[in-house]
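These notes concern the structure reproduced below.
A quick note: this is a predicted structure, and the numbers were derived from the prediction, not measured. Residue numbers run from 1 in the order of the sequence given.
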Amino acid sequence: VIQEELHRMRMATKAQVDSLAIQREVNSRRLDLLDEFPRMPDFLVALRPHTVWEKTPVKLFCTVQGNPRPIVKWSEYSDLPTVEIGKQNSNFKTWCVVSDTAEYSAVATNQHGTTTSSATVTVKSKSYSDPVSSMQLSLVMLVSLPHLTEIHPSKLEVSLLDRFSVTFGVEGSSISLVCTMVVVPNLPNVPPLAQWYRDDKLLKPSKLVEMSVSGSAARLTLPYLAKDDEGLYTLRIFTKDGTAEHSAYLFVSDAAPSAAGAPGAPMSVKAYDINSDYVLVAWKPPNTVNEAPITGYFVDRCEVGSDSWIQCNDAPVKVCKYPVHGLSLGRSYHFRVRAVNSAGISRASRKSDKVTAIDAAESERLQVIKIEGKYDIVIKDDELEGYVTIPGEPTEVHASEIFKSYVVLSWKPPCPRGRAPLWYIIEKVSGTGAWQRINTAVKLHSPRYPVFDLQDGQKYQFRVYSVNMYGSSEASAPSEPIQKVDQDGKGVPSAPGHVVATRNTKSSVFVQWEPPKNPKNLMGYYIDGRVVGSKEWFACNHKPFKHTRFVVHGLIPGETYVFRVQAANVFGLSEESQESSPIAVEPALATPSAPYGIAMLSSDGSSITLAWKSPKHCGGSKVNAYYIDKRDADTLVWKEVNLTGVTERVCTVGDLKEGTFYEFMVQAANLAGVGLPSAPSAPMKCEAWTMEEPGPAYDLSFSEVRSHSLVILWKAPVYTGASAVTGYFVDMAKKGSSEFVTLNQEAVRHRYLQVADLEEGETYVFRVRAVNANGIGKPSQLSDPVCAKALPGTSEIVAGVDEETGDVFLSLEACEICETSKFVWSKNYKPIGDCPRVAVTAKGRTSRLTFTNPDKDDLGKYSVVVTDTDGVSSSYTLTEDGMLSLNTMLELSYAIRHPIVPLKHALNYEILEKGHVRFWLQAVKLSPSVSYRFIVNDKEVTSGEGHKISHDVATGIIQMTVDHFTRANEGTYTVQINDGKAKTQSSLVLVGDVFKAALKEAEFQRKEHIRKQGPHFSEYLYFTVTEDCTVMLTCKVANVKKETTLHWYKEEDEIVPETPPSVMSGACAIPIPLFSRKDQGIFKAVLGDDRGKDTSVLDISGQGASASDLVLQCTPEGIRLQCYMNYYTEEMKTVWKHKESKIASSEKMRIGGTAEMAWMQICDPSDKEKGHYSIEISDGVKTHVRTFDLSGQGKNKEQSRSNVVVCFLFSDRGRVVGGLPDVVTIMEEKSLSLTCTVWGEPTPEVTWFKNEQEVASTEHTRVTFDGGKFASLVINKVTPEDSGKYSINVRNKYGGEFVEITVSVYRHGEQIPEPKLGHPKTATPAVTPVPPKSPAPPAKTPTPAPSKRHFSTK
């Protein structure tokens, strides 16, 4: 009932305050309107006569008004200044003399007339010739002095003006709550009496709370915010009529955690049960929304005057209470608490108030005796005990706190206490065991003691001894059996009940819930919220709230939320309640506010056409009607003009008398009813307009208000004059100034104007003048003041192409919206309406304008306005060419509507170990529903005998393996892929020399596989020469067994060595001592058993080895040069050369070979790899040279073919075609878009880097690659941390390219930094590491330095 009454009183107070505010606005509007009428000068306060003593100052003062401003002249002395004033003027004469006695006049003049005010100044001499005696003079002077009475602050009249609103702060910051006021009378030495409250508790000035009050404002400053400061703040000012109050909530959120995932800091740390060496510290738990549950708390203490904090507990305590003992008597302490969870330790709480360790029972042992009614004698109880030295035993031993972590023992001190300082000894016993002393190392002075080391499940009894210097008392009576209670997880309250959320304002929601069924010493509640569709919860309050209803502030207008509630007590937080039903953030339904700005548009002598501005607040429902009242300016009676509401804000009022002045008033209506009436308009004369110039434009409004620009729009005049309106002039002035500046030198024909170069945060007013052939017409009514400042969270229109449908669209996500809001789209600021060329859709906070069949007719400036908001709007100019032009989006649209399956690697082949040939390609992405066909020489091949076809969705690989590769397999191989709507195909021509090379390698691999099934040579015969000039013929064998034999031959004659070869050792050798010409010949080793045999031949006859010409083969990695030989080992001396320069094996140029081949692989070939290549093979006697011309100018058949291959490889590699600057300088809070066109066949891969680290796509940094052509990196609202070196890596199987961009972000107000570049370098091809046989993502490569181009964005 109390809560309902309180709510009713608050609603009544709110209605009264709103009424006063409206009345003030009405009075202000009326004064402003009156100030605009011409008026002759008039003295509001006339000059007053003065009688003064000589040599004293006198000030003549008057108040004058008039329009235009009058000029005031003083008539007595010509040397007095002429002053142009507003309303006040004064003349100050110093050190008057008797001759100054005269009549003084102030003459005020303007173009409408003159008026005068006069007053006499009499200056008297202090000579004794005055008939009044000195005694009488003294008496007269004394009596003439005014008697100043004391004025109490509560006698002042106080009206609150600007009031502090709901405020949000962060721990560690400072904040001020200010309320301005008007005080009558405003006495500097008598400020109003103001009191501040937090949650109805009176605040007092301290280091943490600073207060000030004057005749203009009351201020409360919190210099060091903590969550303890969160709550409802109330300012109460005592006035003549009672009190003036204002309240608003302050929210204080957690500061950044000390470790990611750590909990927030505890709060409200207080000390209780203070004794001489013991206190009980208690606190409130923090809210844990997305963090891990709290596992315990650490309590720290610090002596007053010291900065050294000491941790009191070794292990975290799980409840929000902890007994601290071991304090020193008489010393003062502060305490703080830190929370612990699995992620880390929280920041420390605010330290507690100062706590002094004293004997709490000391005052109870004092007795005060009054003697003769005026003397106080203080006697201690100890003095009444008699001469007792040994203390009595303590009594009432019991447990005051019982938790799982500890038990606090309490007892009453003994009586008598003895005549010496007292301490205690405690003993415990479990079951029938012996008593054990538990405080052996602690001299205990307080009747409190925490016990920590009790066993789970055991019951204990305790007894206490009193001890002093004379001896020990008897033991106290044993306590009742005490057992630790395991309440972890069980002591928390039950979950709160049903949660209901209802509409409140456009940024707040009213949440209420049922209390838990088992409150268990409830501390309060935590409320959490979540946007519908999101998984992340956020805290609505950060300090336990004691009531069961709460207003959640700071929500996004128009967004939909759900809420949940948790209860908190000393054991922690309860389970979450069930979620509330989703609710959109909308204001509660109310009648609209009053319309304003009634203007006269035309008159014909019997009627007047009016226009007015819509209410600033629609009341949560669309305004559907307006009602107009009129009255004769000389009467007080209003008459209704229309019984049926009009829907437009223009109305012609008829049946008027010509020559009569009328006033008008307008009311707006919605579903909730008819709102308050507007202020009466200025008197309007009903007379026919006959001027040749046009009438005033009207309905001035603003769109796209930003920090330095805006767009002003208006409607054409109703009265056009003698000819049609041909254009408009727009004037601008700062608010409060009458100096207007015309913004356009030539009249604009359209009814809007883009205004630029505004000062951020400055407020402006505008007016519009229409022009026709006869001249410039009347200026419009002044616009509403507009501040050059963007709304928080303002976003711009985004142009794009739908990834599913390929539709070209413009889209805006509103930062603010309400239930009645609508998205109004315009082209060139003309509403689009129902147009077949576009379709407008809205979902939630986002509206999209989709072009049905976009072409050049759709070019122009598009804008959108969100109604019933604080000016949410944006615009976008659609051009034919540019970064996101119509042509660019049309190309992307075509690519989406006719999609292809993008390939990482086109169809290629590789030779496997058994001589199998694998044909494969890799797509960027495949869906599980993909289908494909392999076609060889125009015939489809299916998986079956001799062919194995498969694919892997995870890697995007489609492959076919040919088990037996023969001459019949020569031809063209094609793969056709269908994946949803996307299609693609890739072909490989395997004919001629390329096929012969593949067939030869396949046959070789097949023979090698067969050979290795039995005993074989892992390394063929080779020779070495020992120090004693013995030639050793050596080979290595594999896959041998005991029965395997090795025979040596020379020219078919077997050689039987002295020592039989040991094949099981894996290596065999035969020496040839004193090697000479007679030993030259062909040596052979034959290895065999029942599984087969293998032969190795070494020709040391001096005839050399035969080698084929160098041939070229294309591979997925690049180009391979191969030389076939009878045999080849890596021990043979081979030298590869490029343009006569020796080549070393590297990642770029890989050198190797097989038993029949020497090869060199050129990875990612570029232009610099063109030229003449050669291989020199030395067998110890002779050097053999084979050459190949890779310049594309070869003369023989094989080298002529290289011309096509080189051109193909070097031209089809991935590269950046254009579009990127080298240097970008941009101001913070702007959005940066780096967009370029890339090219390559097949489509290249694109990777962005920042400072050589790959950039991932996030909300802040968005990476896109559209249509395989347009690569973009967009950084939303750049910060100085976004400065750095950015680079793009574009690559395909034929190579790639890097381009670097240096980005420099400067702060608002700073000078634009000059570009600082190193030596210019052009974009160079990327170096691609050799991929494995199965495709894998390429390694990242450092980027080269940029060139010296510069691009600046402000």
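- When atom types are taken as modelled, the side chain of Thr548 and the backbone of Pro515 share no donor-acceptor pair closer than 3.5 angstrom.
- Scanning all heavy atoms of the two residues, the minimum distance from Gly264 to Pro286 falls at O-CG, 3.3 Å.
- The heavy-atom pair separating Pro316 from Phe298 by the smallest distance is CG-CZ, 3.7 Å.
- Proximity of a side-chain donor or acceptor of Gln566 to a complementary backbone N or O of Leu573 within less than 3.5 Å is not detected.
- The aromatic rings of His547 and Phe545 sit perpendicular, their planes meeting at an angle over 60°, well past the 30° parallel limit.
- Other residues, nucleotides and ligands contribute only 12 or fewer heavy atoms inside 6.0 Å of the CG atom of Asp353.
- With contacts defined as side-chain heavy-atom distances shorter than 4.5 Å, the pair Pro516/Tyr525 qualifies.
- Ser446 contributes a side-chain N or O that, together with a main-chain N or O of Ser276, makes up a donor-acceptor pair within less than 3.5 Å.
- Here CG of Leu409 is found 7.5 Å from OG of Ser400. Values are rounded to the nearest 0.5 Å.
- Contact annotation: the side chain of Val565 never approaches that of Phe550 to less than 4.5 Å [non-hydrogen atoms, C-beta and beyond].
- Between Arg347 and Asp254 there is no salt bridge, since no side-chain nitrogen of the basic residue lies less than 4.0 Å from a carboxylate oxygen of the acidic one.
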(request) Begin from the C-alpha positions of Arg350 and Asp229 and carry the test salt bridge (charged side-chain N to carboxylate O under 4.0 Å, His left out) through to its verdict. (result) CA-CA 10 Å; Arg350 172 182 284 178; Asp229 297 319; 2.7 Å; yes
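- Counting heavy atoms from C-beta outward, Lys543 and Val252 have side chains that stay 4.5 Å or more apart.
- Within 6.0 Å of CD in Glu210 there are more than 12 heavy atoms belonging to other residues, nucleotides or ligands.
- Pairing each heavy atom of Asn275 with each of Pro447, the nearest pair is OD1-CD, 3.6 Å.
- Put simply, the side chain of Tyr322 does not reach to within 4.5 Å of the side chain of Val337, judged on heavy atoms.
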(request) Please step through side chain to side chain contact (heavy atoms under 4.5 Å, CB included) for the pair Thr288 and Ile294, ending with a clear verdict. (result) CA-CA 8 Å; Thr288 54; Ile294 292 176; 3.8 Å; yes
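- Across Ala357 and Ser328, no two heavy atoms sit closer than the pair CB-O, 3.4 Å.
- Expressed to the nearest 0.5 Å, how far OG of Ser574 lies from OH of Tyr526 amounts to 12.0 Å.
- In summary, the aromatic rings of Trp283 and Tyr297 are positioned with their centroids under 6.0 Å apart.
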(request) Would you check, one step at a time, whether the test ring-ring contact (aromatic ring centres under 6.0 Å, His included) holds for Trp196 with Phe164? (result) CA-CA 13 Å; Trp196 290 88; Phe164 57 92; 5.6 Å; yes
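- Residues Met267 and Ser349 form no side-chain contact, since every pair of their non-hydrogen atoms from C-beta on lies 4.5 Å or further apart.
- Side-chain atoms of Lys207 and Tyr224, non-hydrogen and from C-beta on, never get closer than 4.5 Å to each other.
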(request) Evaluate ring-ring contact (aromatic ring centres under 6.0 Å, His included) for Tyr449 paired with His325, printing each intermediate quantity in order. (result) CA-CA 7 Å; Tyr449 186 72; His325 66 97; 5.6 Å; yes
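- Under the side-chain contact (heavy atoms from CB on, under 4.5 Å) rule, Ile274 has a single partner from Leu327, Leu280, Val355, which is Val355.
- A donor-acceptor contact shorter than 3.5 Å is absent between the side chain of Glu171 and the backbone of Ala226.
- Contact check for Pro285 versus Met523: side-chain heavy atoms found under the 4.5 Å cut-off.
- In terms of modelled atom types and a separation under 3.5 Å, the side chain of Ser577 and the main chain of Pro496 share no donor-acceptor contact.
- A side-chain donor-acceptor contact under 3.5 Å links Asn290 to the backbone of Trp537.
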(request) Begin with the C-alpha distance, continue with both residues' side-chain angles, and end with the deciding distance and a verdict on salt bridge (charged side-chain N to carboxylate O under 4.0 Å, His left out) for Arg564 and Glu579. (result) CA-CA 5 Å; Arg564 69 184 185 190; Glu579 297 178 7; 5.9 Å; no
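- A ring-centre distance under 6.0 Å is not found for Trp435 and Tyr465.
- Annotation: side chain of Val279 is in contact with side chain of Phe335 (closest heavy-atom distance under 4.5 Å).
- To the nearest 0.5 angstrom, Lys227 atom NZ is 8.0 Å from Asn287 atom CG.
- If you take CZ on Arg448 and CG on Asp277, they are separated by 11.0 Å, rounding to the nearest 0.5 Å.
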Please report, to 0.1 Å, the donor-acceptor pairs under 3.5 Å made by any side chain of residues 450-459, with sequence neighbours excluded.
residue	atom	partner	partner atom	Å
Asp456	OD1	Lys484	NZ	3.1
Gln458	OE1	Ser430	OG	3.0

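- Side-chain atoms of Ser306 do not come within 3.5 Å of backbone N or O of Glu303 as any donor-acceptor pair.
- For Val464 against Pro394, the heavy-atom pair with the smallest separation is O-CD, 3.5 Å.
- Here the NZ-CG distance, from Lys284 to Asn569, works out to 12.0 Å after rounding to the nearest 0.5 Å.
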(message) Show, in sequence, the C-alpha distance, side-chain angles and deciding distance for Val407 and Tyr460, and conclude whether the side chain to side chain contact (heavy atoms under 4.5 Å, CB included) test is met.
(response) CA-CA 11 Å; Val407 169; Tyr460 296 86; over 6 Å; no
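- The main-chain N or O of Pro493 is never found under 3.5 Å from a side-chain atom of Asn518 such that the two would form a donor-acceptor pair.
- The backbone N or O of Val317 lies less than 3.5 Å from no partner atom in the side chain of Ser405, so there is not a single donor-acceptor pair.
- The backbone N or O of Trp423 lies less than 3.5 Å from no partner atom in the side chain of His445, so there is not a single donor-acceptor pair.
- The heavy-atom pair separating Asn341 from Gly261 by the smallest distance is ND2-O, 3.0 Å.
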(message) For Val281 and Val269: C-alpha separation, side-chain torsions, deciding distance, then whether side chain to side chain contact (heavy atoms under 4.5 Å, CB included) applies.
(response) CA-CA 7 Å; Val281 179; Val269 180; 3.8 Å; yes
(request) Could you please spell out the steps behind the side chain to side chain contact (heavy atoms under 4.5 Å, CB included) verdict for Ser466 and Tyr424? (result) CA-CA 5 Å; Ser466 302; Tyr424 301 98; 3.8 Å; yes
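- Rounded to the nearest 0.5 angstrom, Thr234 OG1 and Arg198 CZ are separated by 11.5 Å.
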